[in-house]
Amino acid sequence: MTAIDATLAPGLALSLAQAPAKPEGIDYLEIVTHSGPVVIAVLLLLLAASVVSWAIILKKWLQIRKAQRQSIRFLEIFWQSKRLDAIYQAAENLSSSPISAVFRTAYVELSKVTAPRKEGEPEGMSTELGGIENVERALKRATASEVTALEAQVPFLGTTASAAPFVGLFGTVWGIMNAFHDIYRMGNANLATVARPISEALIATAVGLFAAIPAVVAYNYFVSKIRVLDSEMTNFSNDFLNIVRRHFFGPSRG
């Protein structure tokens with residue numbers, strides 16, 4: 001070692017000793033577990049809403065996907081077949097299709113209003129008391145029922161999407177209030193005093209967004225798909241009514 005090195009060595013050692021230590025990473029789990037009861041309650045509520053939302057998303061995605069596939073298959077059978085009873089038998093195997101369910105309901109009602117007259121019943125009584133209006137009402141009731149079934153649990157996603165950010169914001173406000181309380185109690189406004197409560201606040205906001213973003217995306221997706229299925233059921237109902245009028249209640253049957 002040269003004389004210059006020997007001279008610099010003590011100063012270099014002192015500089016290294018005085019150098020600041022490398023900051024440790026933030027332990028978010030430790031922050032959460034040591035949060036106040038209000039912040040923990042907010043986080044648990046948001047996590048529960050997120051878990052339920054994901055369960056609904058998976059369930060409704062499978063339901064609507066199956067409904068779309070079976071509806072396409074049913075329409076192919078309907079337009080290719082020439083007999084309603086054969087279509088009805090095929091529709092029973094496509095129970096997940098809302099269009100198939102609408103057809104089955106209308107077919108049962110049509111069978112009632114076109115049934116042979118009972119002994120002593122005046123001619124045309126069945127048609128006058130039931131007729132095409134009953135079939136039309138059955139189609140509308142079945143369509144409304146299927147739309148209701150498709151929309152089941154979807155509003156929870158909309159509620160989560162709307163409320164989760166505000167619940168997270170409540171946790172944020174509470175954490176900031178705790179930060180100011182610690183400043184007042186300690187009489188010190190340095191970073192060490194306010195870092196933990198502010199971190200708690202920001203975690204609550206992040207969890208709120210984590211619950212809200214998938215929920216709003218899924219809600220809009222499901223609403224659009226259900227609207228398409230509703231439109232397809234309405235179109236099918238109109239087509240089926242036209243067929244029924246032409247073949248069962250036409251002028252030749254008056």
Side-chain angles (χ1 to χ4, degrees), residues 45-81 84 86-110 134-169 205-245:
L45 177 62
L46 292 173
L47 288 175
S50 180
V51 170
V52 174
S53 295
W54 279 107
I56 293 174
I57 290 171
L58 179 60
K59 177 183 177 182
K60 300 305 292 187
W61 181 79
L62 292 174
Q63 179 187 3
I64 291 178
R65 181 171 176 266
K66 191 174 183 180
Q68 290 175 321
R69 294 176 63 181
Q70 290 196 5
S71 293
I72 293 173
R73 176 59 182 159
F74 169 77
L75 290 176
E76 291 175 352
I77 295 173
F78 180 83
W79 293 113
Q80 291 174 2
S81 180
L84 290 179
I87 298 173
Y88 182 82
Q89 292 177 358
E92 289 182 328
N93 297 324
L94 301 172
S95 59
S96 296
S97 167
I99 301 178
S100 171
V102 169
F103 167 79
R104 295 197 305 273
T105 302
Y107 178 83
V108 171
E109 187 64 30
L110 179 63
N134 276 13
V135 178
E136 185 175 4
R137 284 192 293 270
L139 286 167
K140 290 181 179 179
R141 287 195 304 269
T143 299
S145 177
E146 291 301 313
V147 170
T148 300
L150 290 171
E151 290 178 342
Q153 299 177 335
V154 173
F156 181 86
L157 298 177
T159 302
T160 300
S162 301
F166 293 101
V167 175
L169 181 61
T205 301
V207 175
L209 294 176
F210 176 79
I213 292 174
V216 70
V217 173
Y219 176 82
N220 291 329
Y221 173 81
F222 292 141
V223 166
S224 65
K225 293 298 182 181
I226 293 170
R227 188 180 296 117
V228 171
L229 288 171
D230 186 13
S231 177
E232 290 179 351
M233 284 186 284
T234 301
N235 293 336
F236 172 80
S237 298
N238 294 332
D239 292 337
F240 185 73
L241 280 174
N242 290 333
I243 293 173
V244 169
R245 286 192 183 99

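Bear in mind that the values here come from a model prediction, so they are computed numbers and not experimental data.
- The side-chain hydrogen bond (donor to acceptor under 3.5 Å, both in side chains) test applied to Thr143 returns no partner, not counting sequence neighbours.
- Atom OH of residue Tyr221 and atom NZ of residue Lys60 lie 12.5 Å apart, to the nearest 0.5 angstrom.
- Rounding to the nearest 0.5 Å places OG of Ser50 at 11.0 Å from CD1 of Ile213.
- When side chains are defined from C-beta on, Leu58 does not count as touching Trp54, because their heavy atoms never get closer than 4.5 Å.
- Contact check for Arg137 versus Asn134: side-chain heavy atoms found under the 4.5 Å cut-off.
- Remark: Leu45 engages Val167 in a side chain to side chain contact (heavy atoms under 4.5 Å, CB included) (not counting sequence neighbours).
- A heavy-atom distance below 4.5 Å is not found between the side chains of Leu139 and Thr105.
- Ile64 CD1 to Lys66 NZ: the interatomic distance, rounded to the nearest 0.5 Å, is 14.0 Å.
- Val147 places a side-chain heavy atom less than 4.5 Å from the side chain of Met233.
- A search for salt bridge (Lys or Arg N to Asp or Glu O under 4.0 Å) contacts involving Lys140 returns Glu136, not counting sequence neighbours.
- Contact of the Ile243 side chain with the Leu84 side chain is not registered, since no non-hydrogen atoms from C-beta on lie closer than 4.5 Å.
- Of the residues Thr205, Val51, Val207, the one that meets the side chain to side chain contact (heavy atoms under 4.5 Å, CB included) test with Leu46 is Val207.
- Counting non-hydrogen atoms of neighbouring residues, nucleotides and ligands closer than 6.0 angstrom, the CZ atom of Arg73 reaches no more than 12 such neighbours.
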Given Phe240 and Val135, is the side-chain contact (heavy atoms from CB on, under 4.5 Å) satisfied, shown in steps? CA-CA 10 Å; Phe240 185 73; Val135 178; 4.2 Å; yes
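- Ring geometry for Phe74 versus Phe103: interplanar angle of 30 to 60°, hence tilted.
- With a 6.0 Å radius and a threshold of 12 heavy atoms from other residues, nucleotides or ligands, Phe210 has its CZ atom at or below the threshold.
- Note: Asp230 CG to Asn235 CG = 9.5 Å, rounded to the nearest 0.5 Å.
- From Phe236, atom CZ reaches atom CG of Leu229 across 14.0 Å, with rounding to the nearest 0.5 Å.
- Taking each heavy atom of Pro165 and Thr160 in turn, the nearest pair found is CD-O, 4.1 Å.
- In this structure, Arg65 has no salt bridge (Lys or Arg N to Asp or Glu O under 4.0 Å) partners at least two apart in sequence or on a different chain.
- Of the possible donor and acceptor atoms, none in the side chain of Ser231 sits under 3.5 Å from a partner among the backbone N and O of Arg227.
- For Glu146, there are no salt bridge (Lys or Arg N to Asp or Glu O under 4.0 Å) partners at least two apart in sequence or on another chain.
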List the steps, then state whether side-chain contact (heavy atoms from CB on, under 4.5 Å) holds for Leu75 with Trp79. CA-CA 6 Å; Leu75 290 176; Trp79 293 113; 4.3 Å; yes
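- Closest of all the heavy-atom pairs between Ala49 and Phe156 is O-CE2, 4.0 Å.
- For the atom pair CD (Gln153) and CD (Gln63), the distance works out to 8.5 Å, reported to the nearest 0.5 Å.
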Please output the side-chain donor-acceptor pairs of residues 87-99 that fall under 3.5 Å, not counting sequence neighbours, one pair per line with the distance.
unit_1: Ser97; atom_1: OG; unit_2: Ser71; atom_2: OG; d: 2.9
unit_1: Ser97; atom_1: OG; unit_2: Ile99; atom_2: N; d: 3.4
unit_1: Ser97; atom_1: OG; unit_2: Ser100; atom_2: N; d: 3.1

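- Using modelled atom types, one side-chain atom of Asn220 and one backbone atom of Val216 make a donor-acceptor pair closer than 3.5 Å.
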